[in-house]
Amino acid sequence: MNYYSTKDKNLRVSLKEAVLHGLAEDKGLFMPVIIPVLPATFFFEMSRKKFHEIAFEVALVLFGEDIPKRELKDLTFEAINFETPLVQVHDNIYSLELFHGPTLAFKDIGARYMARMLKYFTKNYDREIHVLVATSGDTGSAVANGFLGVPGIHVHILYPKGQVSFLQEKQFTTLGENITALEVEGSFDDCQRLVKEAFINHEINEKLTLTSANSINIARLLPQSFYYFNAYRQLWDKSRKVTISVPSGNFGNLTAGIIAQHMGLPVSQFIASTNINDVVPEYLTTGEYHPRPSLTTIANAMDVGDPSNFARILALYSNSHRKIAADILGYSYTDDEIRSAITSVYRKYKYLLDPHGATAYMAVNAFLEMNPDHTGIFLETAHPAKFSDTVEECIGKKFEIPKKLAGFIEKEKKSIPVSWKFEEFKEYLMNQA
Ligand SMILES: *Cc1c(COP(=O)(O)O)cnc(C)c1O
């Protein structure tokens, strides 16, 4: 299958090119030319299957023309090695827990899949592939853990010294193997600038094969559709209408859900849930899109003022606001509302929300009050322990840190200090060859 650029439908590339380049030449995002539809038998037989088997069947219709079946199966089974349980919170509201991967965040799924797809497409390269990532926190840990131990690929993570949380830093500085953390004397913008300069530097590119692993890569986006099918598989009563609420920042997660729906997943309604960074909910009600600088909130992985995947949503609906607004409802919440949802859901139902999932819970709860014939699913995108300061304050007590996180804390941090000067970073990279 080919992929087009959201800036020009006629600019088309193969899956391999889309994965290796990330972004189209004209800076548009890649989208599949055709969204394949799954056969009815897939839905009849799904309840007997496991998540990785469901994922493989979806992967086959998406990537089956480009990757031989045997290899696609291996890479899918390797990447999808943890469950995404659907847990009833109360009445007809269910939480799809996407935080059972290595860094306890939903980004693990896309990152693990992309790492293996990149390995597949570069397996005949005689040189090692160097992945450069600038991170302000969470992306770095998901990417690092996704690529950990993948042969032929070395990941270099640049992060601003003293500006990521203790836990986040531990999650990407303690891994070793093919992951190197570079502690930059500077800001996140400096990290991004260093990476960008490296990509256009002639000398470096002569010596090294560089690639990025940013969130807009199609190999991170499309595998996120897998867990929407896995949610539906676990629904006991499939005769009711289904509404899915997605806590959104860059809108990759929601875009993947809409793609799953286009592939045949019976979803009646999507909800885009945000914190006060509400450019998309505003667009859904007014038809006007006004990107603006992001505001800081307690659901900080969604502090985005100009979501990168919005262009993909527009492309899916041929820029029709009417069609988009018919399929997607928008809700946004303040920090105080998020805190009180965490408190009350814990008190009433003994279920712990994280600040991101809390926005999605509130939205689906409000929707179901008006539409009691629907079953509501909200996506829990991170384990509450990742935001323990906020969550413990809301519930008034401490809770145990999960083993996976505790494991990172015990390990020793290893990082290489670099300055904000490009020459130093360049010297470091040249020594990798
Ligand atoms: C990245 C992230 C989001 C936002 O996902 P998008 O695909 O960017 O909309 C939501 N919650 C958590 C915990 C995240 O890390």
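Note that ligands are numbered from 1 as they come in the structure, with each ligand's atoms numbered from 1 the same way.
Shortest contact from atom 2 (C) of ligand 1 to any protein heavy atom: K107 NZ, 2.5 Å.
Aromatic ring centroids of Y159 and F172 lie under 6.0 Å apart. You'll find the ring centres of H52 and F226 outside the 6.0 Å limit.
Taking the six-membered ring where tryptophan is involved, the planes of H356 and F387 are tilted, since the angle between them lies from 30° to 60°. Between F310 and Y283, the two ring planes are perpendicular [angle over 60°; tilted spans 30° to 60°]. Ring geometry for F77 versus F56: interplanar angle over 60°, hence perpendicular rather than tilted (30 to 60°).
Residue-to-ligand polar distances place G249 within reach of ligand 1: an N/O pair is separated by less than 3.5 Å. In terms of polar-atom proximity, defined here as any N/O pair under 3.5 Å, M302 makes no such contact with ligand 1.
The closest approach between any non-hydrogen atom of F99 and ligand 1 is not below 4.0 Å. No heavy atom of A105 sits closer than 4.0 Å to any atom of ligand 1.
Using a 4.5 Å cut-off on side-chain heavy atoms (C-beta onward), K107 and R220 make contact.
Within the set N253, N300, D303, the minimum heavy-atom distance to atom 7 (O) of ligand 1 is found for N253. In this comparison of L379, N250, T381, T359, the heavy atom closest to atom 13 (C) of ligand 1 sits on T381.
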